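Notes follow the structure.
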Protein chains: 2
Amino acid sequence: MPYLNKTAPTPEPVDCRILTAALDLFVNHGFHNVSVHDVQKQANVSIGSIYNHFGGKEGIARALYKHLLKEFEEMIEAIIAENPSSRECCNRIIAKLFEYTETRANIIAYMLHAKHREFLPDEPPLCSSTPFTAMRNVVQKGIDRGEIRQGDPWIMTASIFGGAIRMIHLRLDGIIDTPLPEYHEDLIEGIWHGMESG
Amino acid sequence: MPYLNKTAPTPEPVDCRILTAALDLFVNHGFHNVSVHDVQKQANVSIGSIYNHFGGKEGIARALYKHLLKEFEEMIEAIIAENPSSRECCNRIIAKLFEYTETRANIIAYMLHAKHREFLPDEPPLCSSTPFTAMRNVVQKGIDRGEIRQGDPWIMTASIFGGAIRMIHLRLDGIIDTPLPEYHEDLIEGIWHGMESG
DNA sequence: GTCTATACGCTGATAGAC
DNA sequence: GTCTATCAGCGTATAGAC
């Protein structure tokens, strides 16, 4: 979804204008604080078009969610396809997430911050979606290969990616001022070799 | 806030009934999907009472937030007051969070899951609130003492607590079936000694 | 497919009796 | 302080012309 980054509202197809506007508004004001009229206004479309294309506000949110989920999935699949070690695979996923946080903050914010269960009750929770399952599988394979400590795969996955996800939240909330990629090396070091000094 | 745990609606003071009902509804349906009438009904109070006590729905959310924040803060201060090493302090904080997740899930869910900025725009984000600052200070002291690796305190704090927070999310979302305290020991081990095998 | 105008339900909030 | 009844506004969704 390359077009979702651009802000120019006029020349692009209607669907994209709607999705772009909605993503921006949802992230900045929250799903429930945005009305269909807001989206309509910012996208320079009529309400009728919105209902024709997506069937309503929830339809927009769902389309957005599925689209971004797929993009996420492809990103992770691409990394796996390069066939690095499991550890390197985790490192690269974190690097990509950090990169996206800087360049495509809205996308990350929508996927990570939003409580989709609140307005998309039928969707499974993000953590049980394909990208997250893929991450868990990477870790599982690392355990099987002996690259990663033995233990419950949930703990391992949470331990490996938890710090990175936490930093993304902090960055999106404006607590951290430094671009995340600058922290990548130190973070990785801590994940694999522990936080104990010496 | 011990009374916030009990579910018996009748004999307790009005404020508590309102707060208890609101917490339950907010966590299970989301702030924006709950109307004042819903709270009124579940708390067995009239709408007038709600407006008298809290001035509206947002007032309830704010009271809830401040109350639980204070409780959090006291929990962490109590641990610090026991004067353990910085590492042990972190371990105990995680243990307490895990324990709360099992016994007082609503409280944890409200503090962690909810996007308070969406309906409490004047409140600072959770991560810059006193309890989280306290956690960061614990880590900072650990770095100064040489118990924790040198490095940016934000990375260190995120690395130490990120995995635990991630697991709490997974548990609250129903992805993890096992009570979190059972994972505590393994998680701690991984934090300090790294995820690398051997 | 796109638009405008309109309907209708719900929600937050108030007024005023008790 | 507590309650009931009521209001005004917003936000979703539809109807129907173009």
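Just so we're on the same page: letters track the sequence lines, and every chain starts at 1. All figures in this text were calculated on a predicted structure; none of them were measured in a lab.
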Roughly, in whole Å, what's the span from [atom1] in [X] to [atom2] in [N]?
X      : N       : atom1 : atom2 : result
N44(B) : dT2(D)  : CG    : P     : 14 Å
K41(B) : dC3(D)  : NZ    : C1'   : 18 Å
K57(B) : dT14(C) : NZ    : P     : 15 Å
I18(B) : dT2(D)  : CD1   : C1'   : 11 Å
H32(A) : dT12(D) : NE2   : P     : 11 Å
L25(A) : dG11(D) : CG    : C1'   : 15 Å
Q40(B) : dC10(C) : CD    : C1'   : 15 Å
H29(B) : dT11(C) : NE2   : P     : 12 Å

Picking from [options], which would you name as closest to the side chain of [X]?
X      : options                  : value
V45(A) : dC3(C), dG12(C), dC3(D)  : dC3(C)
S49(B) : dT2(D), dT14(C), dA13(D) : dT2(D)
Y51(A) : dG12(C), dT12(D), dT2(C) : dT12(D)
N52(B) : dG12(C), dG1(D), dT12(D) : dG1(D)
I47(B) : dT2(C), dT2(D), dT14(C)  : dT14(C)

task: Answer yes if the side chains of D144(B) and Q140(B) hold a donor-acceptor pair under 3.5 Å, and no otherwise.
output: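 A pair is found: one side chain offers a donor N or O, the other an acceptor, under 3.5 Å apart.
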
- request: Report which part of the nucleic acid V39(B) touches: base, sugar-phosphate, or nothing (heavy-atom distance under 4.0 Å, all strands).
  value: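 Answer is nothing: V39(B) stays at 4.0 Å or more from every strand.
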
message: Using a strict threshold of under 4.0 Å (side-chain N to carboxylate O), is an ion pair present between E118(B) and K115(A)?
response: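 Here K115(A) does not pair with E118(B) in a salt bridge, since their nearest N and O are not under 4.0 Å apart.
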
query: Is the closest basic N to carboxylate O distance between E147(B) and K141(B) below 4.0 Å?
result: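 The answer is no: the pair does not qualify as a salt bridge.
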
query: So, is H53(B) near the phosphate of dT2(D), with a side-chain N or O under 4.0 Å from OP1 or OP2?
result: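 Yes, because at least one side-chain N or O of H53(B) sits under 4.0 Å from OP1 or OP2 of dT2(D).
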
field: Any S35(A) side-chain nitrogen or oxygen under 4.0 Å from OP1 or OP2 of dC10(D)
entry: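 Answer is no, no contact under 4.0 Å.
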
message: Looking at every non-hydrogen atom in both residues, tell me the closest pair between R17(B) and E12(B) and how far apart they are.
response: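 Closest approach of R17(B) to E12(B): NH1-O, 3.1 Å.
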
query: Say you draw a straight line from CZ of F132(A) to CD1 of I165(A); how long is it, rounded to the nearest 0.5 Å?
result: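 The CZ atom of F132(A) sits 4.5 Å away from the CD1 atom of I165(A).
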
query: Nearest nucleotide by nearest heavy atom, which residue falls closer to the 5' end of DNA chain D, H37(A) or G48(A)?
result: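 Counting from the 5' end, the first nearest nucleotide belongs to H37(A).
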
